[in-house]
S.K.: 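Sending over a structure as structure tokens; questions will come in a sec.
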Amino acid sequence: MSLLEVDDIDAFYGQSHILRGLSLTVEEGQICALLGRNGAGKTTTLRSIAGAVPPEVRSGEVRFQGERITGRDTEDIAMEGIALVPEERRVFPNLTVEENLHMTQVSRNRSNRIGRGLEAVRETRPVEELYEAFPRLDERRNQQAGTLSGGEQQMLAIARSLRQNPGLLMLDEPYEGLAPQIIEDVEDAVRQINEEGTTVLLIEQNAAAAIKIADYCYIVDQGEIVFSDTAEALREDDEARQRYLGV
Amino acid sequence: MLPLQSTLISIIINGLQQGAIFALLGIGLTIVLGTMKFLNLAHGALYLVGAYIGMLFSVQRSLADGTLYNLGYTTVGLKATEATVFGVTVNLNFLLAMVMVPLIVFGIGMLMERFVARPFYDRPETGQLLVTFGLALVVQEIIRALFGPTTFQAYQPVQGTIAGIVSLWRITIIGISLVLIAATYLMIEKTDFGLVVRAGTEDSEMVRLLGIPITRSYSLVFALGAALAAFAGLIGASFQTVSPPIGTERALVPAFLTIVVGGAGSVVGAIAGGMVLGFVFAGFQQLAPQWSSIVLFGSVAVVILTRPEGLFGSAEVST
């Protein structure tokens, strides 16, 4: 059984049909990259998995650890262990670094759990562990997140999602707008997270950078998967890269 | 005491009292606007309901018109229970009102969130405006139908003054309001519930992506705002005549001015904005009463022109 199975989903934004029978699977322990041109349906795929609305998933289903999660509320899917670091990081700018990281802990409060039919709730990851992994955040604990640099905000967004102790970490364009050196830092962080046992599904415009750290790659084009193979195979496959990614 | 001194004291006391009412109103409106992006034009109706329920609990009033009168009720409300505490006459019923009014309107707020606001979260703002404005009119007209268009005189449950110039009741009200405002502030700043509310004003989807069912907090936020507005109505009614239009004229409009000055979505802004407006209003009421409303609106226009995000707001919403 794969950790995540996206099975033949059709997703819509209003009237526009964005995902057309898209299927993919992510195996436990992998770093999986979903590549494709702007508007191909990458973000829509991640949002469909996370249960964010829009899009509206009209058919097909998503299974996580063998269980159907399609149609459940975003917050419940998050509690099941799927974390999404959305595009543009979306840290809470007026909250401090510490408060941003504390938000995940709040989701475990009794008052937020009762009546939701959640089974065994995943323990959060201790915040001190995260400060150790991201010392820059440690230094800026009491600073408002909005005052951090782009790279630091990306680290905070990732750390905040790691706090959920997710089984699957989804990253939407983690390198966007970052300087090359910072991209390397983020890469290292993602590798390390993966080595510690978290499965990663990442989407990137910057295909070359993504292929570099991925084990397995999918290419989505006009809402359909048009390529799926190991990262190595994609590196070799000049034609597929040219045709769908323009690199 | 010199006339200048007593004038100054009056302005300070009246400013604090008026500012506290504006702040209580503004906090409720601003947190609902901030977290739910919901513009509640029925906010003033909650003040109105608070004023009337408070009156019914605290003092007996005679009716001259309206459905209740036609049904044979010539008086409404509980009889005042007066007691003398340290030589001051106090209506103990008002204590009951101070507990019951926020509780009842808290419940009303929950119902309102569930049945009026919730269906409109995802609809265009014009829908929210129409439904809440409609609701405000319905509430106002129900009250007019029940009690008639009669205006009831302001009623103060505590008599007496300090040194002959400062009303004891005003001092009491200022104290209670400030405690209430401080408690709300601490709840928003220091508790996990407040953290979710603050995060929600910035990015409610992200809050949900972290596993927090923020829509649950919505009803609590709404009800809290409603209870604060009702409390403002309860105490506001002790300084002004009570009649159906006060919900809009004395509550909704000032509440909007408050959050315009303070910055939308900001609790600190609502407190500060309320106080600024309260002092402006009280100052002019003392010095040139006929100009007080004009200056109030004028100063808000100046703020909006020069700092559209409000005096205390940043470009983004926050506490």
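Numbered from 1 within each chain, the chains take letters A, B, ... in sequence-line order. Everything numeric in this text was worked out from a predicted model, so none of it was measured.
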S.K.: Decide yes or no for A/Ser107 and B/Leu210: does some side-chain heavy atom of the first lie under 4.5 Å from some side-chain heavy atom of the second?
M.R.: no
S.K.: Side chain, backbone, both or neither: which part of A/Glu99 has an atom under 4.5 Å from a heavy atom of chain B?
M.R.: both
S.K.: Which value, rounded to the nearest 0.5 Å, describes the distance between A/Phe92 atom CZ and B/Thr201 atom OG1?
M.R.: 9.5 Å
S.K.: Quick one: pull up CG in B/Leu209 and OG1 in A/Thr104 and give me the separation to the nearest 0.5 Å.
M.R.: 11.0 Å
S.K.: Please give me the minimum heavy-atom distance between B/Met206 and A/Leu84, naming the atom from each residue.
M.R.: CE-O, 3.9 Å
S.K.: If I take atom OG1 from residue A/Thr96 and atom CG from residue B/Leu195, how far apart are they, to the nearest 0.5 angstrom?
M.R.: 8.0 Å
S.K.: Taking all atoms of both residues into account, what is the closest heavy-atom pair of A/Ala78 and B/Arg208, and its distance?
M.R.: CB-O, 4.1 Å
S.K.: First locate atom CG of B/Asp203, then atom CD of A/Glu88, and finally report the distance between them rounded to the nearest 0.5 Å.
M.R.: 10.5 Å
S.K.: Do B/Glu202 side-chain atoms and A/Asn94 backbone N/O form a donor-acceptor pair below 3.5 Å?
M.R.: yes
S.K.: Distance-only, no hydrogens or angles: does the B/Arg216 side chain make a donor-acceptor pair with backbone N or O of A/Ser111 under 3.5 Å?
M.R.: yes
S.K.: Examine whether an atom of A/Asn109 lies under 4.5 Å from a heavy atom of chain B, and if so say whether it belongs to the side chain, the backbone or both; otherwise answer neither.
M.R.: side chain
S.K.: Counting heavy-atom pairs closer than 4.5 Å to chain B, which one of A/Leu118, A/Ile114, A/Asp76, A/Val91 comes out on top?
M.R.: A/Ile114
S.K.: Under 4.0 Å between a Lys/Arg side-chain N and an Asp/Glu carboxylate O for B/Glu205 and A/Arg90?
M.R.: yes
S.K.: For A/Arg47, which atoms come within 4.5 Å of any heavy atom of chain B: side chain, backbone, both, or neither?
M.R.: side chain
S.K.: With a 4.5 angstrom heavy-atom cut-off, could you sort out which part of A/Arg163 is near chain B: side chain, backbone, both or neither?
M.R.: neither
S.K.: Between A/Arg116 and B/Gly211, what is the shortest heavy-atom contact and its length?
M.R.: NH1-O, 3.2 Å
S.K.: Near A/Arg122 CZ, under 6.0 Å, is it more than 12 heavy atoms from other residues, nucleotides or ligands?
M.R.: yes
S.K.: Between chain A and each of B/Thr215, B/Val196, B/Val207, count heavy-atom pairs under 4.5 Å; write down the option with the most.
M.R.: B/Val207
S.K.: Does atom CD of A/Glu139 have more than 12 heavy-atom neighbours, drawn from other residues, nucleotides or ligands, at distances under 6.0 Å?
M.R.: yes
S.K.: Heavy-atom count around B/Phe193 CZ within 6.0 Å, excluding the residue itself: above 12?
M.R.: yes
S.K.: Looking only at heavy atoms, which two atoms of B/Asp192 and A/His102 are closest? And how far apart?
M.R.: OD1-NE2, 2.9 Å
